[in-house]
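Taking it in order: structure first as structure tokens, then the write-up.
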Amino acid sequence: MMTKAEQQTELKSFQNSVAMTVTLISFGMMFAAMFLGYFLVRFNSPTWPPVEIENMPKFLPLFSTIVMALSSLTYYMMENKPQQRKAYIALTLVLGLIFLGSQWSLWSALAESGILISNGNVPSMVYAFTWIHAGHIVIALGLVFWIGDFVFRRPEALTVGKLVNVGKFWHFLGVIWLLMYLMLFVL
Amino acid sequence: MAFLEQHIHDAPTSFWSKYIFSFDHKVIGKQFLWFGIFWLGVGGLMAMMIRWTLAYPGVPFPLIGGLMFPHSGGVVPPDTYAMLFTMHGTIMIFFAITPILIGAFGNFCIPLMIGARDMIFPTLNMLSFWFSMLSGLVLLFSLTLPMGAAAGGWTSYPTLSTNIGQPGAGQTMWLVSLFLFGVSSTMGAVNYITTVITLRAPGMDYFKMPLTIWGIWLTAILNAIFVPVLGAGLLLLTFDRVFGTTFFLAGAAATSGKGDPVLFQHVFWIFGHPEVYILILPAWGITSDLLAFFSRKPAFGYKMTALSLTAITVLSTVVYGHHMYTTQMSPLLTQSFMTLTMLISIPSAIFFANWLGTLWKGSIRFHSPMLFSLGVVFVFGLGGLTGLYLASTSIDLYLHDTYFVVGHFHYTMAASVLLGGFAGTYFWMPKMFGRMMDERLAKIHFWATFIPLNGVFTGMMVLGYAGMHRRLYNPFIYEFLQKLMPINKFVTYCAIAMGVAQLFFLWNFFKTIFGKNIPQASANPWEVGTLEWTIPSPAPHYNFDEIPHVKCGPHEMGNPNLKTGRDYQYQTEELVKS
Amino acid sequence: MDISIPHRLIGLVAQGSELVVKASEQMSLWERMQPPVDISTSGHLIHWLFNYTTYVNLFWFALVCIGLFGFSFLYWEKRHKKALYTHGNEKKHLMITAFIGLGVFLSVDLVITKVTTRDMKEVFWNFPVNDPELVKVQVLGQQWAWNFRYAGVDGEFNTADDVVQLNKLVVPVNKKVMIQMTAKDVIHAFYIPNARIKADAIPGRFSKLWFDTTKTGNYEIACAEMCGNHHYLMKAQLTVLNQEDFDRWVKESQQIAIATNDTENMDLRWGWKWESR
Ligand code: HEA
Ligand code: HEA
Ligand code: CUA
Ligand SMILES: [Cu+2]
């Protein structure tokens, strides 16, 4: 039999996870809508990849993907290895920033290889999708930074709920990126 | 059963923390109510101008026309007309109906009716309101732009809504405004869903919730799932306008790349059809409850009603294609959308039958909330049944984008949802502000609204069947429409009457809230048993100092075994059996 | 086409008010409520379905009214002091509601779904592509006018000798007419009220529809999709001629086309190869 206090924390984390799930569903639907657009375009286009995006940079997106995966991993480690929290959160932050950097150079690389945003709806997608995703990454980094602030300055106030929920968002964005990478650059 | 205690903080004292940046769900609810009523006024005024133009083409709009359209000598110019119906649709749906039905009643009723002290995330709640406010301001500001606000219809299909059709900044502002609004709705939805799942008082299991809560909860779920879809569409369209992407550009407009305008229609209606149920589900819930309360007997087939509302919610996600028949989707798609659309009428008819069952052998009290609820039954019957014509692909070949459609959706939204909103306002007024609204004025308001309302919207149906299409500045340049002039005039007269009738409401509303020596309402003026009536009026800070324990359903009335002298029992009381 | 708003507006205002006079000649309400005369061979299908739906809907709505007003009258508090205590969840209650639900579905939905599907398959989607006498027209919607294109003497579309018309569609009576359309700038909708038919003209896509007229005369073609401030002005004329007149008209206009078409100006070549689907 739990004490009342335990019960309360129990319930609190439960409702937080409910809320987070709903939130992720919402975000998910937004990306899903864009992906739907992608599939409609893709199945109506005679050739794939269409001429507009034939010579797309191959390396940078791959690099971004790896970085993203690593950052998810480090966040995961941070959740489960309380003693090395500081190190791991720092790593996560750095990796996140590297990801943004690599996206940035991706956009300039695209421009150089003559793939402009106005070249048709496939290039439009490449830009729009990566932009929107990057935008979310910025927000998420803010949250990770917030967690970091807890870790470094007031660990006692850092609840599991905060940790897990920010984590969920971060991993979610990782998955979204993976999908985008596969759809736009690989398949 | 373990239950999460919300701690009681002491009431805010300063004006700002009390009325403006309040965390209290009741205050936020009221804020949404004011917000909604204001926009209802604006949208209504626009409707009046639309109607005037249709009945008196080229005749200056009375009174304010001269001020508003000096260049055309008070006559509504064509470009302004387009702007008017676009803004009218946008405002009525997103800034009048949504705030009142979902924002106001959602916030006010959920915690009170499920026995919670507040929403689960008060801060998010406050943010949600201020995001709506922000988006409202953006829209309002866009009206003052030199090139005018958005004028591509509330559906703002590309390529009309891209730079080739709408060069001005208005359309972009419209997109931004709706995006902000979407953020607000999603925040609200997360809050509502979580609150209902986690904060129900002990014993308040799902099938003991009032149907109002069912309606609002399902609405919130639809919101959480589909508003982001609209968000995506808005983002991409904004990119097309601002950054030169070409998602929706095609034809001569697509100088460089090529996109597909129909893509937007898919995205829009994937959201758009659920949206219409988002609007009406709360109204259905409120009506179902009020019919039971004022017939003094339990809601007929409560469980069936709740389940059919759920069924409609599920079905509403897969019928959106019925708005796009004339874009000539593949026959297979078209047919499946038609069939699925038709299926919706089964659950609809079921809860409809339950509504009538609730009235059957009741002991009906015709207070103003009841009158409005009965009104909903009548007009939704018409609105719903007319949906069936449109659902048929071949009939829609003729009726699509005619006033028949306009009539249909005004019967469902401008009639059913509007009356439902009024019913709720009259019903919860005492709990919101601690005062009863003037019953006599309320009844006048009902009849003065209800009778012309049917004139307006049946009139629209007739016009549509006679072939008059939508969004026409001057229908009478078409010879086959000239004979409709008198009918258009009739519709306009009814519309003006309906508009004026709303002044009774406004007067009553303001008088009740700000008037001197208005009698205080008792704790339970309507004699019903749901939780919000177990506490004094107006609802005190943090609602329940003692979290109630729920023991019976929401409409336990007319139970012959009751010995208490009341004909109803509170949800906190054990169900009396013989 | 250029439209300077003030002029257009003044023109319309004049038009509008003078039309009011014209429109107010004697006519019963019932006549006013009727759709424009049906000149198509397919319109009656839509009307049959519409009327059927109306009758059945009226039946159900009558039931609703009986319940609504009847119960309100019978069970008014003053007349009926004590409400019957029932949750309406007994077997017989469920049966009744389920019965009504099914009733509505079977009587309205099932029937109109079936009939609609039949009509669409047999008529509206059944394009007369290999009818030898098929009259082929290409349509281009633009802000705010309809362009019509007939194959010229060579029988080929999008060649220099095509017959191109602005806001004027001419067809022979009792012949199947097939229209392939698209739009130049924004989405329009090609709407012939008298033929009870409508289809969107969408930039970058081809949509098609067909109809078969039964009456000669002049009728109106409208644009049904919001396409900008002057959407309401986007009106064209449909002229249905008997065969001889039509043939004569074709000859003449083909001559005119050959004489006057500017073969250099590629902007006039907005047409496309006829899609024989
Ligand atoms: C609250 C809003 C609302 C609601 C509830 C509905 C409900 C329905 N709507 Fe409506 N609709 C709109 C709002 C709404 N609609 C809007 C805004 C548009 C136009 C948008 C635009 O283009 O601008 C639209 C357009 C629209 C179209 C597209 C028309 C066109 O553009 O060509 C179609 C087509 O299928 C349609 C169908 C339906 C159907 C089948 C229902 C069904 O849900 C109806 C189900 C109900 C019933 C079938 C009646 C219940 C049964 C009875 C009353 C009998 C019971 C009898 C007894 C008990 C005795 N609607
Ligand atoms: C819930 C939504 C809603 C509501 C309530 C209404 C209410 C009304 N609407 Fe609206 N309408 C739409 C949603 C709604 N409409 C939509 C979505 C469209 C499609 C837009 C598009 O095509 O893109 C549309 C389009 C539309 C058209 C077609 C325009 C066109 O296609 O050319 C017409 C024409 O008659 C019309 C008329 C009316 C009338 C007479 C009312 C009456 O019910 C209004 C009655 C008046 C009030 C309810 C308030 C009155 C209050 C006052 C006057 C007091 C003033 C108070 C203050 C200033 C504080 N509407
Ligand atoms: Cu073209 Cu409306
Ligand atoms: Cu719909």
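None of the values given here were measured: they were computed from a predicted structure. Labels below follow one simple rule: chain letters A, B, ... track the order of the sequence lines, proteins then strands, and each chain is numbered from 1.
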Review point. What closest approach, in Å, do Val190(B) and Ala19(A) show between heavy atoms, and which atom pair accounts for it?
Key: CG1-O, 3.9 Å
Point to revise | Flag side-chain contact, heavy atom, 4.5 Å: Asp260(B) against Val41(A) | key: no
Practice item. Check whether any side-chain N or O of Ser26(A) sits under 3.5 Å from a backbone N or O of Ala224(B) as a donor-acceptor pair, and report yes or no. Key: yes
Review point. Which atoms form the tightest heavy-atom contact between Phe239(B) and Ala128(A), and what is the distance?
Key: CD2-CB, 3.4 Å
Practice item. Answer yes or no: are there more than 12 heavy-atom neighbours, outside Phe152(A) itself, under 6.0 Å from its atom CZ? Key: yes
**Study point:** Engaged part of Phe264(B) at the chain A interface, taking heavy atoms whose separation is under 4.5 Å
**Key:** neither
Point to revise | chain A contact via Leu235(B) - side chain, backbone, both or neither, heavy atoms under 4.5 Å | key: side chain
Exercise for review: For side-chain contact (heavy atoms from CB on, under 4.5 Å), just list the numbers for Tyr127(A) and Phe243(B), CA-CA rounded to whole Å, side-chain angles, deciding distance to a tenth of an Å, and then say yes or no.
Suggested key: CA-CA 10 Å; Tyr127(A) 280 94; Phe243(B) 302 117; over 6 Å; no
Study note, to complete from the structure: Output for pair (Leu236(B) CG, Ile132(A) CD1), nearest 0.5 Å, gives 5.5 Å
Revision key, fill the gap. Heavy atoms of Thr198(B) and Gln15(A) approach each other most closely as CG2-CB, 3.4 Å
Practice item. Name the region of Phe14(A), side chain, backbone, both or neither, that has any atom closer than 4.5 Å to a heavy atom of chain B. Key: side chain
Exercise for review: Check whether Met20(A) gets within reach of chain B through its side chain, its backbone, both or neither, counting any heavy atom under 4.5 Å.
Suggested key: neither
Practice item. Work out which heavy atom in Met30(A) is nearest to a heavy atom in Ala232(B); give both atom names and the distance. Key: O-CB, 3.5 Å
Exercise for review: Would you check if Leu36(A) and Ile270(B) make a side-chain contact, meaning some heavy-atom pair closer than 4.5 Å?
Suggested key: yes
**Study point:** Neighbourhood of chain A inside residues 271-279 of chain B, taking heavy atoms under 4.5 Å as contact
**Key:** none
Check your understanding: CZ of Phe169(A): more than 12 outside heavy atoms within 6.0 angstrom?
Key -> yes
Review point. Is there any residue in residues 92-112 of chain A with a non-hydrogen atom under 4.5 Å from a non-hydrogen atom of chain B, and which ones are they?
Key: none
Practice item. Report yes if some heavy atom in the side chain of Phe27(A) is under 4.5 Å from a heavy atom in the side chain of Thr186(B); otherwise report no. Key: no
